[in-house]
Amino acid sequence: MHRKLAAGNWKMNGTGASLAEVEALAADHADAGCEVLICPPATLLSRMADMAGPGIAIGGQDCHAAAGGAHTGDISAAMLADAGAHYVILGHSERRADHGETDADVHAKAQAAWAAGLTTVICVGETLDDREGGRTLDVVHTQIAGSVPNGASPERVVIAYEPVWAIGTGKVPTLDQIGEVHGAIRAQLDDTFGTAAGTGIRILYGGSVKPGNAAEIFGVADVDGALVGGASLKAADFGPIIAALGASDG
Ligand code: PGA
């Protein structure tokens, strides 16, 4: 069984000065009791990989589906790996909204990422409209069916359940709501990829995870960690979240 995963998504935040936060985390959480991942902007990847040390894995926030070629401004999975990444976030709702990424796009990117040896953190989640319309489980099921390629395994895939309405808003689903969706995702992974794969694939919760709510979220069944945006930018916030996950990891 893989260790639980505390993943930070820095989004379009951070310059060289921010590396001090990672230095502080590496010093304070060398033996965190869980796996720690930070996904900085691409400009910081190799510098962060050089200084993070063995206790912190580094990941990209997106990759192109092609191995290379005429795609100005894009980054291939092999380039991420070459810069020191072991993970890549794919299909984040901000990319689905800002760049029109479809499930098929995410599926193709995931195959490219696996070919480069990266573990993919594939994001799914409903909008507020979906939630209020009672469509949450259907939407998430469809996104996973369309986004996660055949051959998914615990080495290749982490799922992040991130309700769009909870991201950056300070709003969080109830623990029952989180448990319901995570349980449904687990059942779908078991059905689709077999119990050995489905049970081992980590399912993260994301959306306004903070030091003050992390422990209770980590107590929910089938929550194997978190994907953290705003609260991952400062060691003083991300550190307690990492500690809460480590403490929950039996
Ligand atoms: P947030 O972002 O923690 O700032 O809500 C989470 C995410 O988008 O991954």
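The residues of the chain are indexed from 1 along the displayed sequence.
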Kindly work out whether a path of hydrophobic side-chain contacts (I/L/V/M/F/W/Y, heavy atoms less than 4.5 Å apart) joins [X] to [Y].
X    : Y    : value
V148 : I203 : yes
L233 : I167 : no
I75  : V121 : no
L80  : L37  : no
L5   : I58  : no

Please test N213 against F218 for side chain to side chain contact (heavy atoms under 4.5 Å, CB included), starting from the C-alpha separation and ending with a verdict.
-> CA-CA 9 Å; N213 62 17; F218 296 148; over 6 Å; no
Under 3.5 Å, side-chain donor or acceptor atoms of residues 47-56 against the rest of the protein: list the pairs with distances, not counting sequence neighbours.
none

Within 6.0 Å of CG in D98, more than 12 heavy atoms from elsewhere |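 Yes - once you tally the heavy atoms of other residues, nucleotides and ligands closer than 6.0 Å, there are more than 12.
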Listed partners of Y87 passing ring pair (Phe, Tyr, Trp, His ring centres under 6.0 Å), at least two apart =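 With sequence neighbours excluded, Y87 shows a ring pair (Phe, Tyr, Trp, His ring centres under 6.0 Å) to no residue whatsoever.
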Pairing residues for H141 by the ring pair (Phe, Tyr, Trp, His ring centres under 6.0 Å) criterion, not counting sequence neighbours =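 Residues passing ring pair (Phe, Tyr, Trp, His ring centres under 6.0 Å) with H141: none at all.
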Might you point out which heavy atoms bring [X] and [Y] nearest each other, and give the distance in Å?
X    : Y    : value
I89  : H92  : CG2-CB, 4.2 Å
L90  : A113 : CD1-CB, 4.5 Å
A66  : S76  : O-CB, 3.8 Å
R95  : Q61  : CD-O, 4.1 Å
I217 : I178 : CG1-CD1, 4.2 Å
A85  : L45  : CB-CD2, 4.3 Å

[X] versus [Y]: any side-chain heavy-atom pair under 4.5 Å?
X    : Y    : value
I201 : V158 : no
V139 : L137 : no
K4   : S248 : yes

[X] [atom1] to [Y] [atom2] distance, which is reported to the nearest 0.5 Å:
X    : Y    : atom1 : atom2 : value
K11  : C39  : NZ    : SG    : 11.5 Å
L227 : L204 : CG    : CG    : 6.5 Å
Q188 : D191 : CD    : CG    : 8.0 Å
S147 : H107 : OG    : NE2   : 8.5 Å
N13  : S18  : CG    : OG    : 8.0 Å
E23  : D28  : CD    : CG    : 11.0 Å

Qualifying side-chain hydrogen bond (donor to acceptor under 3.5 Å, both in side chains) pairs with a residue from residues 114-124, counting only residues at least two apart or across chains |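 As it turns out, the side-chain hydrogen bond (donor to acceptor under 3.5 Å, both in side chains) pairs with a partner in residues 114-124, which skip direct neighbours, are W114-T120.
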Is [X] reaching over with its side chain to a backbone N or O of [Y], donor-acceptor style, under 3.5 angstrom?
X    : Y    : result
W10  : G229 : no
S93  : R96  : no
R202 : G225 : no
S208 : G170 : yes

Carefully, step by step, assess D222 and I185 under the rule side chain to side chain contact (heavy atoms under 4.5 Å, CB included).
-> CA-CA 9 Å; D222 289 311; I185 293 172; over 6 Å; no
Can you give the donor-acceptor pairs under 3.5 Å from side chains of residues 234-245 to other protein atoms, not counting sequence neighbours?
none

Does the pair D74 and T72 meet the rule for a side chain to side chain contact (heavy atoms under 4.5 Å, CB included), with working shown?
-> CA-CA 6 Å; D74 280 314; T72 302; over 6 Å; no
Could I get the full list of side chain to side chain donor-acceptor pair (under 3.5 Å) partners for [X], not counting sequence neighbours?
X    : answer
D190 : T199
H64  : H71
H86  : none

With sequence neighbours excluded, give me every salt bridge (charged side-chain N to carboxylate O under 4.0 Å, His left out) pair touching residues 135-155.
->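 The answer is D129-R135, D130-R135.
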Can you list every pair that meets salt bridge (charged side-chain N to carboxylate O under 4.0 Å, His left out) and has a residue in residues 109-119, with sequence neighbours left out?
->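 The answer is D62-K109, E101-K109.
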Relative to the ring of Y205, is the ring of H182 parallel (under 30°), tilted (30 to 60°) or perpendicular (over 60°)?
->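 Judged by the thresholds at 30° and 60°, the geometry between H182 and Y205 is tilted.
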Charged N-O contact under 4.0 Å between R186 and D224 |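 Judged by the 4.0 Å cut-off on N to carboxylate O distance, R186 and D224 do form a salt bridge.
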Salt bridge (Lys or Arg N to Asp or Glu O under 4.0 Å) partners for E126, two or more places apart |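 Applying salt bridge (Lys or Arg N to Asp or Glu O under 4.0 Å) to E126 gives R131.
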In the hydrophobic clustering (ILVMFWY, side-chain contacts below 4.5 Å, transitive), which residues join L128, or is it alone?
->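 Answer for L128: W165.
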